[in-house]
Number of protein chains: 2
Amino acid sequence: MGTPLPRDPIADAQRNWERHGWGDVAAPMAAITAIMRTQQILLARIETVLKPFGLTFARYELLALLSFARSGALPMNKASALLQVHPTSVTNAVDRLEKAALVARSPHPTDGRTTLIELTAEGRTLAKKATAALNAEVFGKSGFRPDDVDHLIRVLGTFRRDAGDFTEE
Amino acid sequence: MGTPLPRDPIADAQRNWERHGWGDVAAPMAAITAIMRTQQILLARIETVLKPFGLTFARYELLALLSFARSGALPMNKASALLQVHPTSVTNAVDRLEKAALVARSPHPTDGRTTLIELTAEGRTLAKKATAALNAEVFGKSGFRPDDVDHLIRVLGTFRRDAGDFTEE
DNA sequence: TCCAAACCCTTGGATGTCCTAGTATATTGC
DNA sequence: GCAATATACTAGGACATCCAAGGGTTTGGA
């Protein structure tokens, strides 16, 4: 957003940590801070691409998830688990997507507690277009070298498994 | 975050991308999604550690930044630039920190447009304690292997530089 | 059978981030 | 010197995320 800084603020922070005698954790601190900032940059790029479609990243993720569901519908709690966000965030996203006629709520046939979310034809079309845009403008231009991409997937995959995201492998 | 999933949802998404003929961008998509999720996990850990201090990550970052400033005070716009967040986010954070008597606003001596933020004694003490807690509970237990930490710092550093965060190096 | 515990979704509140103005102060150019 | 432009902060609104709490539904043990 603003002008580029003359120096890397995270490298400066790492030096500050070392200068204060926290050298043993300065590097992980820098790595974690870098992850936070990278996420911010990537999210901004994604939101920029999605804006013309009237979508935010949260809503896009839900549309994309539904578009890959075999039956075309998912229970809210399943979506919450797969997207790894709080159930209330799904409620919020579905409210807005439903208002835009991109998804529809329907009662679960056998479990009265559960609500199913289903893509409308319009929602499926928009998901396809938005995905094409993201692939072309963000994922296809990530700026990461292919080996770095593989390394990120491996390292962050291990981290997420250890953090309790999933148990496989 | 509920129970761990049986399978890695990001690996599943990558397979879905490949199945739909987007194999050329499936890996970057997975890496970027993993960064988003990792950030979410790390932020949750950080917020958990900071909660007993009555701090959020945004407010902690500001306190930490001020505690490293030589003069002990920084203009708001400088803080905004160094933290790489929107000026209104700094206004928001300062409002709350000021209400908690951890920082104080003061007019800039020569530039009437500028407001300086300064740590109070209380703020400086709290920043020190919060940093110690974060070092012990989060940065010291990141779960990343030392070589992976170095790799992350390097790869994400390049990414941030290319994204226009800074110009050095 | 029946009631307590577990589960699912929604509402309301707190935070944070950004954007778009709007106000006030500085700086620049004629 | 004064008007036009630039800069700094704040106000209000849109979104997203989480937590706590509430109401409806199902399940399972006494």
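So you know, we letter chains A, B, ... as the sequences are listed, proteins then strands, and number each from 1.
For the atom pair OG1 of T48(B) and CG of L43(B), the computed distance is 9.0 Å after rounding to the nearest 0.5 Å. H20(A) NE2 to F68(B) CZ: the interatomic distance, rounded to the nearest 0.5 Å, is 5.0 Å. Interatomic distance, CD1 of I10(A) versus CD1 of I32(A), reported as 11.5 Å (0.5 Å rounding). Here CZ of R145(A) is found 11.0 Å from NE2 of H151(A). Values are rounded to the nearest 0.5 Å. Separating the CZ atom in R15(B) from the CZ atom in R7(B) is a distance of 5.0 Å, to the nearest 0.5 Å. Summarising the geometry, atom CG belonging to L82(B) is positioned 8.0 Å from atom CD belonging to Q84(B); distances are rounded to the nearest 0.5 Å.
Each of V90(B) and G112(A) was assigned the nucleotide of DNA chain D with the nearest heavy atom; the assignment lying further toward the 5' end belongs to V90(B).
Across all strands, T48(A) comes closer than 4.0 Å to no nucleic acid atom at all (heavy-atom distances). Within 4.0 Å of T110(B), counting heavy atoms only, lie sugar-phosphate atoms of the nucleic acid but no base atom.
Across the protein-nucleic acid pair, K51(B) atom NZ and dC19(D) atom P stand 8 Å apart, rounded to whole Å. One can place CD1 of I117(A) at 14 Å from C1' of dT10(C), the figure rounded to the nearest angstrom. One interatomic measurement links the two molecules: NZ of K78(B) to P of dC9(D), which rounds to 12 Å at whole-angstrom precision. Put simply, CD on Q40(B) is 14 Å from P on dA16(D), counting in whole angstrom units. Distance, Q39(B) CD to dT17(D) P: 11 Å, rounded to whole Å. Here dC18(D) presents its P atom at 11 Å from CD of E47(B), a figure rounded to the nearest Å. One atom, CD1 of I46(B), and another, C1' of dT17(D), lie 16 Å apart when rounded to the nearest Å. What separates CG of N92(A) from C1' of dA14(C) is a distance of 14 Å, to the nearest Å.
The pair R105(B)-D95(B) meets the salt-bridge criterion, since a charged nitrogen lies less than 4.0 angstrom from a carboxylate oxygen. With respect to D8(A) and R160(B), a salt bridge is recorded, a charged nitrogen being found less than 4.0 Å from a carboxylate O.
Between T91(A) and the phosphate of dC9(C), there is no side-chain N or O to OP1/OP2 separation shorter than 4.0 Å. Proximity of R105(A) to the phosphate of dC8(C): no side-chain N or O atom is located under 4.0 Å from OP1 or OP2.
Although no hydrogens or angles enter the test, the distance criterion places a donor-acceptor pair under 3.5 Å between the side chain of S80(B) and the main chain of V85(B). Put simply, the side chain of T115(B) never gets that close to the backbone of P107(B): no donor and acceptor are under 3.5 Å apart.
With dC18(C), dT17(D), dG16(C) as the choices, the nucleotide that has an atom nearest any side-chain atom of T88(B) turns out to be dC18(C).
Applying the salt bridge (Lys or Arg N to Asp or Glu O under 4.0 Å) test to residues at least two apart or on different chains, none of the pairs has a partner in residues 41-63 of chain B.
A heavy atom closer than 4.0 Å to some atom of DNA chain C occurs in no member of residues 57-73 of chain A. DNA chain D is contacted by R96(A) of residues 96-103 of chain A, taking any non-hydrogen atom closer than 4.0 Å.
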Close N or O pairs between protein and nucleotides 6-8 of chain D (under 3.5 Å):
{"from": "dT7(D)", "atom 1": "O4'", "to": "R113(B)", "atom 2": "NH1", "distance (Å)": "3.2"}
{"from": "dA8(D)", "atom 1": "OP1", "to": "N77(B)", "atom 2": "ND2", "distance (Å)": "2.6"}
{"from": "dA8(D)", "atom 1": "O3'", "to": "R113(B)", "atom 2": "O", "distance (Å)": "3.3"}

Exercise for the section: Whenever both distances are under 3.5 Å in a Watson-Crick or G-U wobble pair, mark it; put DNA chain C into dot-bracket that way, with [ ] for crossing pairs and | when the partner is on another strand. Expected result: ||||||||||||||||||||||||||||||
Side chains of residues 127-136 of chain B: which donor-acceptor partners sit under 3.5 Å, not counting sequence neighbours?
{"from": "T131(B)", "atom 1": "OG1", "to": "Y60(B)", "atom 2": "OH", "distance (Å)": "2.8"}
{"from": "T131(B)", "atom 1": "OG1", "to": "A127(B)", "atom 2": "O", "distance (Å)": "2.8"}
{"from": "N135(B)", "atom 1": "OD1", "to": "W17(A)", "atom 2": "NE1", "distance (Å)": "2.8"}
{"from": "N135(B)", "atom 1": "ND2", "to": "T131(B)", "atom 2": "O", "distance (Å)": "3.4"}

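Closest approach of V149(B) and A31(A) over heavy atoms only: CG1-CB, 4.0 Å.
F139(B) and I41(B) fall within a single hydrophobic cluster, where Ile, Leu, Val, Met, Phe, Trp and Tyr side chains are chained together by heavy-atom contacts under 4.5 Å.
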